[in-house]
Amino acid sequence: MFDTKLLRPTRENISYCAELIKSGEVVGMPTETVYGLAADAFNETAVKKIFEAKGRPADNPLIVHISDISMLKALSGDVPLLAYELAERFWPGPLTMVLPKADKVPLITSGGLDTVGIRMPKSALARELIDACEVPLAAPSANLSGSPSPTSARHVFSDLNGLIAAILDGGECEVGIESTVISLEGSGVRILRPGIITKEDLMTVSSTVFIDDGVLSEVSKDQKAASPGMKYKHYSPKARVVLVDGSLDKFLEYAKSHADENTYLMCFDGDRVPGNFNTVYYGKHSFEQAKRLFKVLRELDDLNAETVFARVPDKSGAGLAVYNRILRAAAFEIVRVGE
Ligand code: AMP
Ligand code: MG
């Protein structure tokens, strides 16, 4: 058990967190996407602690975070030109590239795969911490496996208090959902997990961009997934979440006949909802929805919601990422109610 410290991002605290990581501990790290649970990517024992603290399945690989392009070579011996072109355009930023793994990266970090996901975060604080550690940091989202990703230091504390040494508090995450994960196929790109860097954004660098089938459909546990994270239950509050797809009028009609006192409606800002419903709001446009989604899913737990009827977000552009997360939070349960 640890007496988990919540630390303001002062220079001393950054150095302290770096010392913890260098000595093989794990630390909650702010990034622009969500908080990460960081350890030295080359230290097997330290990386094992990440899996233990989160209760993460061993075959679910970690993303390795770098602060400088020079770190790339130590992680992947075979970096194609396209990866450098994408890095030039999108790093630092919320894009993870899956590349062939160098031998130096332990298999525990890559979930047993011969590839490794690599990203350079935009968050200056994250990069300062990586710099201070002088090694790339393996860091999955800093939540308990399966629960909504953490977008504030408080969220990390509420999931991992006592299980990790410290959390560096960098305030609320600017983006709010995880990075876009891609693999490279010759001169083409495959999106394994959508994020706010969209297909259209990627097409400014590569003319061929595919969206993997696993992004919008269910991948069962015994199926081979392009990206192991696709297989697992994700982002779930305790409540059963149901996506109710249709106009606001039809959504409210459905809610009227199916809601009870422990049901919450998850609506868009600006929706006019009668006052007799319990309602939470998760933004109007895709970027706001991305930023608020996980926070609202956690609030629903605090409210002891048993059932949540959620409006279906716009799926275009960055909206695809919001839809991908809420679809998993709903365990793919959708009711279509019409326009
Ligand atoms: P998290 O950091 O918790 O958002 O999880 C990282 C996710 O990135 C994993 O669940 C995988 O889906 C994906 N990922 C990381 N590394 C790889 C890899 N080598 N191959 C395919 N997907 C990966
Ligand atoms: Mg995660």
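Quick caveat, the model's predicted, so the values are computed rather than measured. Each ligand, and each atom within it, is numbered from 1 in the order the structure gives.
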Quiz item: If you measure from each heavy atom of R56 to ligand 1, is any distance below 4.0 Å?
Solution: yes
Quiz item: Should we say atom CZ of R127 is surrounded by more than 12 heavy atoms from elsewhere, each under 6.0 Å from it?
Solution: yes
Quiz item: Which residue supplies the protein heavy atom nearest to atom 19 (N) of ligand 1, what is that atom called, and how far is it?
Solution: T115 OG1, 3.0 Å
Quiz prompt | Atoms in ligand 1 flagged as close to S141, the criterion being non-hydrogen separation under 4.0 Å | solution = 1 (P), 2 (O), 3 (O)
Self-check item: Between R119 and T31: side-chain donor-acceptor atoms closer than 3.5 Å
Solution: yes
Let me have the donor-acceptor pairs involving side chains of residues 90-98, under 3.5 Å, with sequence neighbours excluded, atom names and distances please.
residue, atom, partner, partner atom, Å
W91, NE1, L95, O, 2.8
T96, OG1, S179, OG, 2.8

Self-check item: Residue that, paired with R298, satisfies side chain to side chain donor-acceptor pair (under 3.5 Å) out of D159, T151, N143
Solution: D159
Self-check item: Basic-acidic side-chain contact under 4.0 Å: E306, K238
Solution: no
Quiz item: Given L99, I50, L37, N60, which has its nearest heavy atom closest to atom 10 (O) of ligand 1?
Solution: N60
Practice problem: Within a distance under 4.0 Å of any heavy atom of V98, pick out the atoms of ligand 1 and give their elements. | Solution: 17 (C), 18 (C), 19 (N), 20 (N), 21 (C)
Quiz prompt | Protein heavy atom at shortest distance from atom 2 (O) of ligand 1 | solution = P140 CA, 3.1 Å
Exercise. Report yes or no: does a heavy atom of S179 sit under 4.0 Å from some atom of ligand 1?
Key: no
Practice problem: Determine, for R311 against D271, whether the closest basic-nitrogen to carboxylate-oxygen distance falls under 4.0 angstrom. | Solution: yes
Quiz item: Can you list the protein N, O or S atoms less than 2.8 Å from the Mg ion (ligand 2)?
Solution: S141 OG
Quiz item: Which ligand 1 atoms does G229 reach within 4.0 Å, using its non-hydrogen atoms?
Solution: 10 (O), 11 (C), 12 (O)
Practice problem: For G117, counting its heavy atoms only, list the atoms of ligand 1 lying under 4.0 Å from any of them. | Solution: 16 (N), 19 (N)
Quiz item: Which part of V116 is near ligand 1, with near meaning a heavy atom under 4.0 Å away: side chain, backbone, both or neither?
Solution: backbone
Quiz item: Taking 4.0 angstrom as the limit, do K122 and E32 come out as a salt bridge?
Solution: no
Quiz item: Which word best sums up how the rings of Y282 and F268 line up, parallel for under 30°, tilted for 30 to 60°, or perpendicular for over 60°?
Solution: tilted
Quiz item: Taking NZ, NE, NH1 and NH2 as the nitrogens, is one of them in E333 or R240 under 4.0 Å from a carboxylate oxygen of the other?
Solution: yes
Self-check item: Interfacing atoms of ligand 1 (cut-off 4.0 Å, heavy-atom, L113)
Solution: 18 (C), 19 (N), 20 (N)
Quiz item: In terms of side-chain heavy atoms, does S206 have a donor or acceptor partner in T208 at a distance below 3.5 Å?
Solution: no
Exercise. Check step by step if side-chain contact (heavy atoms from CB on, under 4.5 Å) holds for L6 and V156.
Key: CA-CA 10 Å; L6 250 180; V156 182; over 6 Å; no
Exercise. Looking only at protein heavy atoms, identify the closest one to atom 22 (N) of ligand 1 and say how far it is in Å.
Key: S227 OG, 2.8 Å
Quiz item: Given the rule in the salt bridge (charged side-chain N to carboxylate O under 4.0 Å, His left out) test, do R190 and D212 qualify, once you have shown the distances and angles that lead to the verdict?
Solution: CA-CA 6 Å; R190 174 175 297 272; D212 194 85; 3.2 Å; yes
Self-check item: Among A225, A139, P61, closest by any non-hydrogen atom to atom 23 (C) of ligand 1
Solution: P61
Quiz item: Looking at A226, which atoms of ligand 1 are within less than 4.0 Å of one of its heavy atoms?
Solution: 21 (C)
Quiz item: Taking D269 as the fixed residue, which of K291, R292, K284 is the one that meets the salt bridge (charged side-chain N to carboxylate O under 4.0 Å, His left out) rule?
Solution: R292
Quiz item: Any idea which atoms of ligand 1 are less than 4.0 Å away from a heavy-atom of I63?
Solution: 2 (O), 6 (C), 8 (O)
Exercise. Decide, yes or no, whether a salt bridge links D169 with R8 under the criterion of side-chain N to carboxylate O below 4.0 Å.
Key: no
Quiz item: Among all protein non-hydrogen atoms, which one is nearest to atom 7 (C) of ligand 1, and what is the separation to 0.1 Å?
Solution: R193 NH1, 3.8 Å
